[in-house]
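Remarks on the structure that follows.
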Amino acid sequence: MPQMNMVQAINDALRLEMRRDSRVVILGEDVGKVGGVFRVTAGLFDEFGDDRVIDTPLSEGGIIGAAIGMALYGLVPVPEIQFSDFIFPAYDQIVSELAKYRYRSGGEYPAKIVIRTPVGGGIRGGHYHSQSPESLFIHVAGLKVVCPSNPADAKGLLLASIRDPDPVLFFEPKRIYRAAKGEVDEGDYTVPIGKAAIARDGKDVTVIAWGAMLYECLEAANQAAEQGVDVEVLDLRTLWPLDIEAIVASVKKTGRVVVVHEAPKTCGLGGEIVALINEKAFLHLEAPPARVTGFDTPFPYTLENEYLPLAHRILPTLLETARY
Amino acid sequence: MPQMNMVQAINDALRLEMRRDSRVVILGEDVGKVGGVFRVTAGLFDEFGDDRVIDTPLSEGGIIGAAIGMALYGLVPVPEIQFSDFIFPAYDQIVSELAKYRYRSGGEYPAKIVIRTPVGGGIRGGHYHSQSPESLFIHVAGLKVVCPSNPADAKGLLLASIRDPDPVLFFEPKRIYRAAKGEVDEGDYTVPIGKAAIARDGKDVTVIAWGAMLYECLEAANQAAEQGVDVEVLDLRTLWPLDIEAIVASVKKTGRVVVVHEAPKTCGLGGEIVALINEKAFLHLEAPPARVTGFDTPFPYTLENEYLPLAHRILPTLLETARY
Amino acid sequence: MRPAIDTSAYGIHASSTASERPAPSAARNPHDTEAPDVVKVLREGDTLDPTTDPRVAPADVLRLYTAMVRLRLIDERLTALQRQGRVGFHIGSLGEEASILGSAFAMRDKDWIFPCYRELGAALLRGMPLQRYLDHMFGNENDPAKGRQMPDHYSWKAGHIASVSSPIGTQITQAVGFAWGAKIKRDELAVLAYFGDGATSSNEFHNGLNFAGVFKAPVVFLCRNNGWAISVPTERQTGSATFAEKGIAYGIPSVRVDGNDILAVIKVTQDAVARAARGEGPTLIEALTYRMSGHSTSDDPRAYRPEAGLEAWKELDPIARLRRHLAPQKLWTEATDAAIEAELEAELKAAIAVAEATRAPSLDSMFDDVFATPPWHLVEQREALKKGPRPKGH
Amino acid sequence: MRPAIDTSAYGIHASSTASERPAPSAARNPHDTEAPDVVKVLREGDTLDPTTDPRVAPADVLRLYTAMVRLRLIDERLTALQRQGRVGFHIGSLGEEASILGSAFAMRDKDWIFPCYRELGAALLRGMPLQRYLDHMFGNENDPAKGRQMPDHYSWKAGHIASVSSPIGTQITQAVGFAWGAKIKRDELAVLAYFGDGATSSNEFHNGLNFAGVFKAPVVFLCRNNGWAISVPTERQTGSATFAEKGIAYGIPSVRVDGNDILAVIKVTQDAVARAARGEGPTLIEALTYRMSGHSTSDDPRAYRPEAGLEAWKELDPIARLRRHLAPQKLWTEATDAAIEAELEAELKAAIAVAEATRAPSLDSMFDDVFATPPWHLVEQREALKKGPRPKGH
Ligand SMILES: Cc1ncc(C[n+]2csc(CCOP(=O)(O)OP(=O)(O)O)c2C)c(N)n1
Ligand SMILES: Cc1ncc(C[n+]2csc(CCOP(=O)(O)OP(=O)(O)O)c2C)c(N)n1
Ligand SMILES: [Mg+2]
Ligand SMILES: [Mg+2]
């Protein structure tokens, strides 16, 4: 199997699916001729032409609104939002329209699109090229939310997302776009939506993460191991609907849990996971579930590495929770 | 002291502050001549004129964007969004701009506005006249969020919000706009932002609520009392920043807690409150913290009373939690 | 301690305080329709302007007349049902029937319609069954929207009618995407997108027209300029002299039409469909008309506009104008309206009886269609709800 | 297991794959500036068009020339610093200096400027200290933005410069609200709002111009039409023939100007300020210019546009054109540029040295200014961070 980075794996999935299914179209800012500001759609314009890989005017609302219309017509649009920080001009189309279309029409009009967008910090992008807005979409009923942590999952999850009957927000952790490399099957395969993966087996404490922070958790887990704490690392992969079984199983095993995410702490997905664990495994808890997250401030530029929940911030919480 | 309903109390606060402070202006759809679709701004156009009570074009993004600009100039805008369901076209201006202005300019440009908007179900408004989007704003650092449950608080909290240096989302529970009545001081007074109120003293279980659902909790508490369960009811009043002290004190007293809100469960404020309680009072918990909330579906029309967390749905959870 | 719930308001309530307001503006002078650029067909007397006459077959003209009268009667009945508390809400089209029915008539069967909320007439003209509509209005178990949406938020895929949404303007961009999708697939069809004058201020008007202009999507944008967005008059909506000229900003040809002249509306819409079919892209139509009633059953317009303004518009009533055209040709007699009314009355009575007697949607149904298949959390929530107690009075 | 972090991308990376693309479009032909409606002042040779000449004092012309040269040199230096990895990012204005400096010059001191991200020149012309700017570019402790924002996202209240934001278009509506606020307060001032051609597609362009048109806010909308929005050419941005004509949709008078003719830009901006001062409201200016460099330090335009297109624009270089005007009058000699460069070089060297040597903002500072006073949760988060370990390499 060839080695690919995340960008290549996502590009591979898009190419494969566009060859297989002529209904798939890509639209967005700079996705065409230049292949996207991160080059994720590179080469697709050349292969599929301007009708299927479409540079649009500078309007996220227009991109998503038009994509919804295309979906109602029977196409399978995979719009790109250049940075997830710029998704908000389209927020009304996503939460008021896309999320509710199937429901409000009694099933007559499913509006299935996959919104691809780079997420998270790590490129010194400051307030507006670094945010992780997943919980702002998870709270809204009707959207599936996915975030892969490695090239093989990225390809398989994207193919699953495009073939899923429901709208999907597909968050691509830009910090590891090129840095995360691995073997990727060249063929057609999917990774199921709604299933987490155990990235590291452990028995003392569970850490739940996704995307770029997974690697920070693994790093912290290795450091914890040196101190005799055996950490289990769960890679959520699908952020909604959560793999609640995997979470509960792991927490029942370890009795201790830490959730890690880049987004601000308050009303982030971490809080929801803690509340769900309370509901489903309260009597198994041997320590208070903890969160290591971005702070409740805008995402800063110079102090980016102080803001992010990197391994040095995760480790103490892991140890505390394990030793509670 | 005169009796007022919520609409009258809010109107009273606006009039008082507009008389006191000539920087205060109101803008929004139908707020002027007709005094708002719920009549909350009735009479203000006549008293203060078209320069300070302004009917705008139909654009929430325009209303909030312009209000931010007015605030930068030195006015104190109190824009109205006709229904909180229609706030999303302005979401980018709120989360990318309003919330971050003071921070990103190193304090040079605080952008202080108060966004008033009716919230929640109870008027048979279906998907788009019923939602409770508070957690979508609480997650975003830089915004204060307020939701009163009675006329006296509504007036005092609105005056505090207008005088607060930070941007505030002021959610008005439309279900009780006219139904909640009470004595309201005609004079100038404020209710502090960030302070909860104990709406009912109790020792067995704490229920945390706000806005219209407070009355459902009180009703359920009365029914629970008949079954020998003594419920403490906390009215949050300010949704962010939370009165964490009041919450922790009550939970330490009862050891049991139920959070109630209209918004969908997942990633709602309830989950955050449960997670915070875990962090701050884990060893005091004698039962799993529970949530009684709207479901993770769009807000339905016919089955509105099945969707809402009314007393009949709150009571069983109260009893279960108390008897756990 | 638990206050009674206030279910009275989606919209405007009549002002209770008498107030000395500046005289409200007229918001669109009826004489605007006399401007030279406004397309008209019907002349006083029974003649038609031969240069613009779309030459609609007499049987079709009569069908349209019937549809206008029926639509008005249906509005009246729904308003009455709302006043009686039997239906929660209704938003009618009094005075705007010609704009709605003329434009819908001009679209071909294969074409699609993206309504705002005030174009029931378009759906009915396409054959949406009255029973389907009333089941929706009562939000009962047979409502195709499964009782989930407010009244007048229907959809009807078989009739190529998209799903009505409350947020203003959102359907405009979607209509453009739909039409653009057809163009990408090399399917020749056109899409009619309806919206009001207020909607021209929305983000989505801008996005929709901009994308349509760039990608030459085959869309007919029909702006019903009825003078008001709830209480806000058109002068407060835009600084431009007309809504039609907004097309210039997007390179989209546009036209103003007398929206109370059904033949003129048909003419300009047919021209727009022909442009779309020739691959020339979108057209913006501004139909000059007037919202003769309140915004909806929640609104009392006396609080913000003078009754006087209405009088001039009553002269221009689209039904009366078509009647004045039909009568001299003996296509209309006094008996015509009575017959239409009698027939409709029977249909309505039956449909209302059935709709009202049909029970509410099941609890289960609340959890369907959020996703294609309910995930674990919705299954859990559904089962918990079904096991628990029901609300009082259910 | 932890992969190295990729810090290379805010923007476009050069294409590595050779590809057979259709010839990229030119996006704004330089000869557009010859259209009869485009305002020009500078003629070939050293004469000025007397009908449009704003009659700027020679000393001011020289000051503007100096400012243009300095701006270009500063761009070059910042780009070099970015290439050396000393500064994280820079977005320059190569080729657009006249549009930026001419319009800023035409505003009165009391007026305000709402920049997009490419108008450093306007802030510098108003006197923003170079040290302040460089402290910001290095995101150090003295950065007035406290190292929180990306480079080139400054603000400067004392100079009436609003706060730069990344999301495209948001400043437009804010500028309108600001100007409208002044109007409500009966304070006579004007606001200059800058944005690019791409920004005309944003929600906020529509909202801003619509509100300004209705409320007659004293705003000068300056659209720098530089041909590109990153890789997207103007033909993909709008179906309209010009950006100026978008003003019609809002009832806003508009004008096209040769954006590389600094005197012409001054002329149309002064006219717009005069209109605003007379209470006549907003004006939309389309300045025809060209982005001669990549979008930013993250972009390599060779991936999407032919070098050939640049040649014609180099002929129209705004600095060279002003120089051709100054030289015959002996206001410019070869020595002029050398002197400007030498002076700037000394200033820059000193400022960079200080900025680079200044330490990063404190941990505490990360939690300030979210609110006026940090609530309990931020105090807790701050204290926890300060107690905990620091990241590697800090
Ligand atoms: C985004 C949004 N904002 C506000 C509203 C509330 N609202 C409903 S209808 C309406 C006026 C619409 O006016 P117009 O577009 O002219 O259509 P008309 O009702 O006159 O047919 C308003 C403000 C809404 N539905 N959606
Ligand atoms: C809402 C939003 N979407 C996308 C971007 C990414 N982006 C940054 S600059 C730019 C192009 C802007 O083009 P234009 O308005 O013409 O200004 P110019 O850069 O040419 O001066 C894009 C797409 C953004 N910053 N904000
Ligand atoms: Mg209208
Ligand atoms: Mg540009």
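Naming: A, B, ... by sequence-line order, numbering from 1 per chain.
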Query raised in the report: Angle class for the A:Phe38/A:Tyr177 ring planes (parallel below 30°, perpendicular above 60°, tilted otherwise)?
Result: tilted

Query raised in the report: With a 4.5 angstrom heavy-atom cut-off, which part of A:Asp85 approaches chain D: side chain, backbone, both or neither?
Result: neither

Report task. Check the side chains of A:Asp235 and A:Ser149 for a donor-acceptor pair under 3.5 angstrom, ignoring hydrogens and angles. Result -> yes

Report summary line: Counting heavy-atom pairs under 4.5 angstrom with chain A, the leader among D:Ser365, D:Gly147, D:Pro361, D:Gly139 is D:Gly147

Query - chain D contact via A:Thr56 - which portion, at a heavy-atom distance below 4.5 Å - result: backbone

Query raised in the report: Does the side chain of D:Asn207 pick up a donor-acceptor pair with the side chain of D:Thr173 at under 3.5 Å?
Result: no

Query - Contacting moiety of A:Pro316, where chain D heavy atoms sit under 4.5 Å - result: side chain

Query raised in the report: Of the backbone (N, CA, C, O) and the side chain (C-beta and beyond), which part of A:Phe86 lies under 4.5 Å from a heavy atom of chain D, both, or neither?
Result: side chain

Query raised in the report: Is there a donor in the side chain of D:Asn226 and an acceptor in the side chain of D:Glu96, or the other way round, less than 3.5 Å apart?
Result: yes

Report task. Name the orientation class of the two ring planes belonging to A:Phe299 and A:Tyr307 (parallel below 30°, tilted from 30 to 60°, perpendicular beyond 60°). Result -> tilted

